[in-house]
Peer 1: 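Dropping a structure here in structure tokens format, bear with me for questions.
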Amino acid sequence: MSRTRRDPREEREVRRLAGSARPRWRLDLPPSVGRLRRDPRREAEAARVPGAARLRLDRSGRAAGPLAAPPLAAEPLVAPTIRIIEAPAFLIAVVPDAPGGRLTPLDRQLLGTARLLADAGGGAVLTLTFGAVDGLGTAGVDRTVALTAPASGDPAMRMGALAALFAALQPRHMLFPESAAGGDLARRLAARIGETLFTGAESLTARLATRPAGNRHVEQRTAPPRLVTLAPDAQLPHTGPAHEARRLEPPEIAPTPAHEAILSVEDLPVAADALPLAEADFVVSAGSGVTDFELFRELARALGATPGASRMVCDAGLMPRAAQVGASGTVLEAACYLALGISGAPQHLQGVARCEHVVAVNTDLHAAMVERAGLAIIADAQQVMPALIAALKAEGRQ
């Protein structure tokens, strides 16, 4: 049991005499009168771990004896709340890009905007996707329709499927991302069904849609039409409770005569090392911590990633100038960026600012790239690369 020590402030207040003009204290009380407090030095000595070269303390509370606080009871796990809308007043349809079944940051911003429009009047958010997509419930989706082949073919076929669903579901608004694929699909659909399209909206509410014009010197305002495309980084994603994302069966869509001549549509794979960095979805870059570039290229091929490099590596002639990542090279918009031995100069961090996921491998725990990364491995890149290749071979990916 730890030795307790006296509290002089408490003892002084106990000895104070009331009713005197000046402070006066009683001197006939024993010195132990008052509240006793714990001695942290004595407790630290009692908690010292014996046999350790450096000072180590036992924080479990076993060494503190009777003064140790009782262990806290484990709180029961509470299942996350899922919001369910059984009878929505209307539908807000969203057509995300969702490449590879994954929501992009712009898709999440689009769903956040749709969630605000739906909650303003008791509506529900409906996604129209071409294939299964993960994470729709946490993004604020109430209903989802996953279209399959032949509706998931070229843009003309997708537009025909969306036109049929637009006529069948009659959503109050249909939102698209202002991206290469989403913007093209929205313009095709607007021309097909004869609806007005408001492109590049930066603000969207139930009553007003705005966008900049005239080199951002003028703001255009209008009541939101039924078809709208949303500009990147203009709205916030949904951060509230998850929704049920109930899957609905897609209705039968009869092909139009213009589509009957299309027998099949498929995407041809392209080698990752042949893709430009600006179009790559997965980039692995080498910095000054990489010395074996044959091993680095082998890892890039095993991961199916596009190889990149820091400015220092390109200046040394170890990688081509087209592989340079950064403000003075290529600004990436990849879904994943793996930085091997890159400390993270400011111009390099500008080049990866729009990447969704960043993984850093560095020996310096305090490197700027480690701080930017969502996942970091504090190790030598030369040792991590063969370990990753071995792990990929064990999984049969090579």
Side-chain angles (χ1 to χ4, degrees), residues 88-99 103-130 133 136 139-147 151-213 219-235 237-238 248 250-251 253 256 258-259:
F90 55 88
L91 294 175
I92 303 293
V94 178
V95 185
D97 285 338
L103 292 174
T104 66
L106 180 53
D107 291 337
R108 296 185 181 277
Q109 297 164 14
L110 194 68
L111 292 171
T113 305
R115 184 75 264 157
L116 294 177
L117 293 175
D119 292 341
V125 176
L126 166 71
T127 56
L128 306 176
T129 62
F130 299 94
V133 178
L136 292 177
V141 176
D142 301 301
R143 310 283 192 276
T144 178
V145 175
L147 300 174
S152 60
D154 66 345
M157 298 171 66
R158 295 189 177 194
M159 180 269 297
L162 291 178
L165 288 174
F166 187 88
L169 300 175
Q170 290 296 313
R172 177 174 292 187
H173 300 289
M174 183 175 282
L175 310 183
F176 295 81
E178 186 57 55
S179 59
D184 175 73
L185 194 58
R187 287 160 177 81
R188 289 174 181 266
L189 180 63
R192 173 69 177 273
I193 64 178
E195 286 281 349
T196 302
L197 173 65
F198 190 83
T199 61
E202 290 192 350
S203 175
L204 183 62
T205 64
R207 297 184 179 181
L208 187 65
T210 65
R211 65 183 174 191
E219 184 179 69
Q220 295 180 346
R221 300 184 178 186
T222 183
R226 300 185 71 180
L227 300 182
V228 181
T229 65
L230 188 71
D233 302 324
Q235 299 290 328
H238 174 67
L248 305 179
I253 301 175
T256 60
H259 298 155

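As the structure is a prediction and not an experimental result, all values here were calculated from the model. Keep in mind that the numbers below use all heavy atoms, side chains included, and drop hydrogens, waters and symmetry copies.
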Peer 1: How many angstroms lie between CD1 in Ile92 and CE in Met174, if you round to the nearest 0.5 Å?
Peer 2: 10.5 Å
Peer 1: Taking all atoms of both residues into account, what is the closest heavy-atom pair of Ala124 and Ala118, and its distance?
Peer 2: N-CB, 3.8 Å
Peer 1: Which atom names give the shortest non-hydrogen contact between Phe198 and Thr222, and what distance separates them?
Peer 2: CE1-CG2, 3.3 Å
Peer 1: Go through it in stages, so that I can follow the logic: the residues are Val228 and Thr113, the test is side-chain contact (heavy atoms from CB on, under 4.5 Å), and I'd like the CA-CA distance, side-chain angles, deciding distance and then a yes or no.
Peer 2: CA-CA 11 Å; Val228 181; Thr113 305; over 6 Å; no
Peer 1: Answer yes or no: is there a donor N or O on one side and an acceptor on the other, between the side chain of Arg108 and the main chain of Ala139, under 3.5 Å?
Peer 2: no
Peer 1: Which pair of heavy atoms, one from Pro155 and one from Arg188, lies closest together, and at what distance?
Peer 2: CB-NE, 3.5 Å
Peer 1: Looking at every heavy atom in both Leu175 and Ala114, which two are closest together, and how far apart are they?
Peer 2: CD1-CB, 3.9 Å
Peer 1: Ignoring hydrogens and angles, tell me if any N or O in the side chain of Arg211 forms a donor-acceptor pair with the backbone of Thr199 under 3.5 Å.
Peer 2: yes
Peer 1: Atom CZ of Phe176 and atom CG of Asp184: how far apart are they, to the nearest 0.5 Å?
Peer 2: 10.5 Å
Peer 1: At their closest point, which heavy atom of Ile193 faces which heavy atom of Ala163, and how far apart are they?
Peer 2: CG2-CB, 3.9 Å
Peer 1: With distance as the sole test, does His173 use its side chain to make a donor-acceptor pair with the main-chain N or O of Pro225 at under 3.5 Å?
Peer 2: yes
Peer 1: Considering only heavy atoms from C-beta outward, does the side chain of Leu116 approach that of Thr205 to under 4.5 Å?
Peer 2: no
Peer 1: Do Pro177 and Asp107 have side chains that approach each other closer than 4.5 Å (heavy atoms only, starting at C-beta)?
Peer 2: yes
Peer 1: Where do Arg143 and Leu248 land on the side-chain contact (heavy atoms from CB on, under 4.5 Å) test, with the steps shown first?
Peer 2: CA-CA 7 Å; Arg143 310 283 192 276; Leu248 305 179; 4.0 Å; yes
Peer 1: Any chance you could measure Leu204, atom CG, to Thr210, atom OG1, to the nearest 0.5 Å?
Peer 2: 8.5 Å
Peer 1: List the steps and the verdict of side-chain contact (heavy atoms from CB on, under 4.5 Å) for Leu103 and Leu136.
Peer 2: CA-CA 8 Å; Leu103 292 174; Leu136 292 177; 4.1 Å; yes
Peer 1: Do side-chain atoms of Thr127 reach the backbone of Val94 as a donor and acceptor pair under 3.5 angstrom?
Peer 2: no
Peer 1: side-chain hydrogen bond (donor to acceptor under 3.5 Å, both in side chains) for Asp97 and Ser179? Distances and angles first, verdict last.
Peer 2: CA-CA 8 Å; Asp97 285 338; Ser179 59; 2.5 Å; yes
Peer 1: I would like to know whether Val95 and Leu189 meet side-chain contact (heavy atoms from CB on, under 4.5 Å); could you show each step before the answer?
Peer 2: CA-CA 12 Å; Val95 185; Leu189 180 63; over 6 Å; no
Peer 1: Is the shortest heavy-atom distance from the side chain of Leu111 to the side chain of His238 under 4.5 Å?
Peer 2: no
Peer 1: Can you tell me how far CD of Gln220 sits from CD of Glu202, rounded to the nearest 0.5 angstrom?
Peer 2: 11.0 Å
Peer 1: Would you call Glu178 and Arg187 a salt bridge, using N to O less than 4.0 angstrom?
Peer 2: yes
Peer 1: Show the nearest heavy-atom pair for residues Gln235 and Leu230, with the distance to one decimal.
Peer 2: CG-CD1, 3.9 Å
